[in-house]
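Note that these values count all heavy atoms, side chains included, but never hydrogens, waters or copies made by symmetry. By convention in this document, chain letters (A, B, ...) are assigned in the order of the sequence lines, proteins followed by strands, and residues within each chain are numbered from 1.
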Amino acid sequence: MLIVQSSQPTEILISILSYTLTLANSDFSLFSRPDKNDSTFNELLSNVMLHPGDYIKDIFQKPVGAEVTARGWVKTIRHSKGISFIQLNDGSGFTDLQVVVDHQTASEEALKEISTGACISVTGELVESPAQGQAVELKGNSIEVHGLADAATYKLQKKGATMEFLREIAHLRPRSNTFGAVFRVRNAASYAIHKFFQERGFAWVHTPIITASDAEGAGAMFGVTTLDLMNPPKTQEGGIDWAEDFFGKRSFLTVSGQLEGEIFAEAMSNIYTFGPTFRAENSNTPRHLAEFWMVEPEMAFCDLDDDRRVAEEFLKYIITHVMDTRMDDLEFFNKRIDDTVLSTLETVVNSDFGHITYTEAVDILEKANKSWEFPVKWGVDLQSEHERYITEEVFKKPVVVTDYPKEIKAFYMRMNDDGKTVRAMDVLVPRIGEIIGGSQREERHAVLVEKIKAMGLPLEAYWWYLELRKYGSVPHAGFGLGLERMIMYLTGMKNIRDVIPFPRTPGSAEF
RNA sequence: UCCUCAGUAGCUCAGUUGGUUAGAGCAUCUGACUGUUAAUCAGAGGGUCGUAGGUUCGAGUCCUACCUGAGGAGCCA
């Protein structure tokens, strides 16, 4: 058996269809190559594409005796005298379909061409399985081989791979149990996010990826330029003349869509952003990426108390949806990755979140009979160890901490009447610590102007942000959720690089 | 960016106070087995010990630099 290499898309498709292994008549040399003129591209496409009802997850729902075709990638194949077993998976669910092929209807020689990683279609009858391990299995009558996978060089083995190794084969890792489950959960969580907001009348706003305002001060930004770095235009002072650049000024990849989100909240009332975000920090930890996805709702006519309630409802909704739709994957994580995943998620869904102020939190921490690596003192930001103590040991459930000292929070957070604290909130959950950060925004023009000045930020850069406070200003609030941190929470995965398809970190942008 | 640890077969690892021909399991290949479930059993092949220097009669092992990865810190989502 050979694989035809071709470069034209239509030829590739035809060669995919040409390796039909006809098992029913025991003549394994029958590999017909259909005349290219026999079929149009569209007809070929409709023949190979999976439709609802065709996925392996759907096949499990069909009655015993049904004639079905299963398509997917071989996870393992086992040969015995007279019979072979294939575990087939198309990514639609965690459970593999077991395909059974009798050597009286198919030659062992031909079956041994098929190995882990090969892509095949199998047609046959769905039957009750006589053995332990699965309720039903597919009794294969004919197998179509789309693409073989050389067993001697295929890198994704059946066992023994570390997360670090799988990261190096990111083009193959979605086919593994763990990563198939991770990305199904990621998809389900993403859908739940949209569903939650859409059901509540929030509009999804596509805030820009490229921005010219570097004034937020939320960390280092990636520059975007079309200038020739070897020979950039210079100003008279000798610096780079950004006026000559593509956008006529220095521009960057966004670090947050919040400020633009506020514009739309003050026009469409309730909105959310959901998209990629970039930080050029040289931070190399299991919790940081240079490119990650963030969800940022922004609500008009909303104070911090409402903000807090939305955040609680939001987290519970995502978890509930994933538990309802991807319990097969969650059970795998609970069994193989972290045996506290399910109990933690159930705790979050079934508890009313606690609520304390920063001042109360500091009081609790000072009175705690613990030796902190970082001493606690009013005015100093809470460390991870403090956050986890409060949520895991004091409350034993999620806690929202509000009203932080103004010095340790961003300029746009609304000043409290005490003049010392701002209407900020952090949602802390067991095992992770902070998962959501948010605030009520400063809607009073004069107060915001003073705040920007006090923090030494340039007023001009915020001209439009300040105008929102001059024309039809209203109390409003919002928060941010890092999608990957949520996926880590849902799956128990320990490294953020393993919950995003293609991680970007300092020194690494492969694939 | 700083601190710590690691890098030996395709993968996961062992390798003693420096010692002559570097091992295992899995994977691969060959064979056996009529229902397997990380199949099992028998046999075979497979290594520039991260890279470059250095110390030594002799380096996988000791030293230096660099590269890559992981954990911790800072920053945060």
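At the heavy-atom level, A/Gln98 lies under 4.0 Å from base atoms of the strands shown. Among the protein residues, A/Ala152 comes within range of the sugar-phosphate backbone only, with heavy atoms under 4.0 Å from sugar or phosphate atoms but none that close to a base. Backbone-only contact: A/Phe165 has heavy atoms under 4.0 Å from sugar-phosphate atoms and none from a base. Heavy atoms of A/Thr277 sit nowhere under 4.0 angstrom from any nucleic acid atom. Within 4.0 Å (heavy atoms only), A/Ile436 reaches no atom of the nucleic acid at all. Among the protein residues, A/His79 comes within range of the nucleic acid bases, having at least one heavy atom under 4.0 Å from a base atom. Within 4.0 Å of A/Thr285, counting heavy atoms only, lies at least one base atom of the nucleic acid.
As rounded to the nearest Å, B/G10 and B/C49 have C1' atoms that lie 16 Å from one another. Rounded to a whole angstrom, the distance from the P atom of B/C41 to that of B/G35 is 15 Å. Separation of the C1' atoms belonging to B/A9 and B/A24 is 11 Å when rounded to the nearest angstrom. A distance of about 47 Å separates the C1' atoms of B/G69 and B/U34, rounded to the whole Å. Separation of the C1' atoms belonging to B/U12 and B/U16 is 22 Å when rounded to the nearest angstrom. Going from the P atom of B/G60 to that of B/U51 covers 11 Å, rounded to whole Å. B/A65 and B/G58 are spaced 23 Å apart, taking the P atom of each and rounding to whole Å. Look at the C1' atom in both B/U28 and B/G47: the space between them is 16 Å, to the nearest Å.
The one candidate from A/Asp306, A/Asp307, A/Asp305 that meets the salt bridge (charged side-chain N to carboxylate O under 4.0 Å, His left out) condition with A/Arg309 is A/Asp306.
RNA chain B is contacted by both A/Trp293 and A/Ser283; A/Ser283 maps to the nucleotide lying nearer its 5′ end (nearest heavy atom per residue). Closest-nucleotide positions on RNA chain B for A/Val100 and A/Glu484 were compared, and the one nearer the 5' end corresponds to A/Val100.
Remark: the A/Glu137 side chain and the B/G35 base include a donor-acceptor N/O pair separated by less than 3.5 Å.
The cationic group of A/Arg200 does not satisfy the cation-pi geometry with A/Tyr272, failing either the under 6.0 Å distance to the six-membered ring centre or the 45° limit from the ring axis. A cation-pi contact, defined as under 6.0 Å to the ring centre and within 45° of the axis, is absent between A/Arg175 and A/Phe179.
The side chain of A/Lys81 has B/C33 as its nearest neighbour among B/C33, B/A70, B/U36. The side chain of A/Pro286 lies closest to B/G71 when the candidates are B/U36, B/G74, B/G71. The side chain of A/Glu164 sits closest to B/A70 out of B/C75, B/G35, B/A70. With B/C11, B/U36, B/G71 as the candidates, the nucleotide lying closest to the side chain of A/Gln134 is B/U36. Across B/G72, B/U12, B/U36, the shortest atom-to-atom separation from the side chain of A/Phe85 is found for B/U36.
For A/Ile337 against A/Lys494, the heavy-atom pair with the smallest separation is O-NZ, 4.0 Å.
Relative ring orientation between A/His194 and A/Phe274 is described as tilted, the plane-to-plane angle lying within the 30° to 60° band.
Regarding A/Asp498, its CG atom lies at a distance of 13 Å from the P atom of B/G69, rounded to whole Å. Put simply, CG on A/Asn284 is 18 Å from P on B/A6, counting in whole angstrom units. Atom OH of A/Tyr154 is separated from atom C1' of B/G10 by 14 Å (rounded to the nearest Å). Distance, A/His288 NE2 to B/U1 C1': 13 Å, rounded to whole Å. One atom, CD of A/Gln132, and another, P of B/G35, lie 15 Å apart when rounded to the nearest Å. Distance CZ (A/Arg78) to C1' (B/A32): 18 Å, rounded to an integer number of Å. Regarding A/Leu166, its CG atom lies at a distance of 14 Å from the C1' atom of B/G69, rounded to whole Å. Distance CD (A/Gln157) to P (B/C29): 12 Å, rounded to an integer number of Å.
Here B/U4 sits opposite B/A70 as a Watson-Crick or G-U wobble pair (both hydrogen-bonding atom distances under 3.5 Å). Pairing for B/C62 goes to B/G54, judged as Watson-Crick or G-U wobble with the two contacts each under 3.5 Å.
For the OP1/OP2 pair of B/U34 and a distance below 4.0 Å, the side-chain nitrogens and oxygens of A/Ser80 include no atom meeting the criterion. Taking 4.0 angstrom as the limit, A/Gln383 places a side-chain polar atom (N or O) nearer than this to OP1 or OP2 of B/G74. Regarding contacts with the backbone of B/A70, a side-chain N or O of A/Arg167 is found under 4.0 angstrom from either OP1 or OP2. OP1 or OP2 of B/G71 has at least one side-chain nitrogen or oxygen of A/Asn495 nearer than 4.0 Å. Taking 4.0 angstrom as the limit, A/Arg287 places a side-chain polar atom (N or O) nearer than this to OP1 or OP2 of B/A73.
If you check the side chains of A/Ser129 and A/Glu137, you find a donor sitting under 3.5 Å from an acceptor. A donor atom on one side chain and an acceptor atom on the other are found under 3.5 Å apart for A/Glu262 and A/His476.
Looking at A/Arg441 and A/Glu298, a side-chain N of the basic residue comes within less than 4.0 Å of a carboxylate O on the acidic one, giving a salt bridge.
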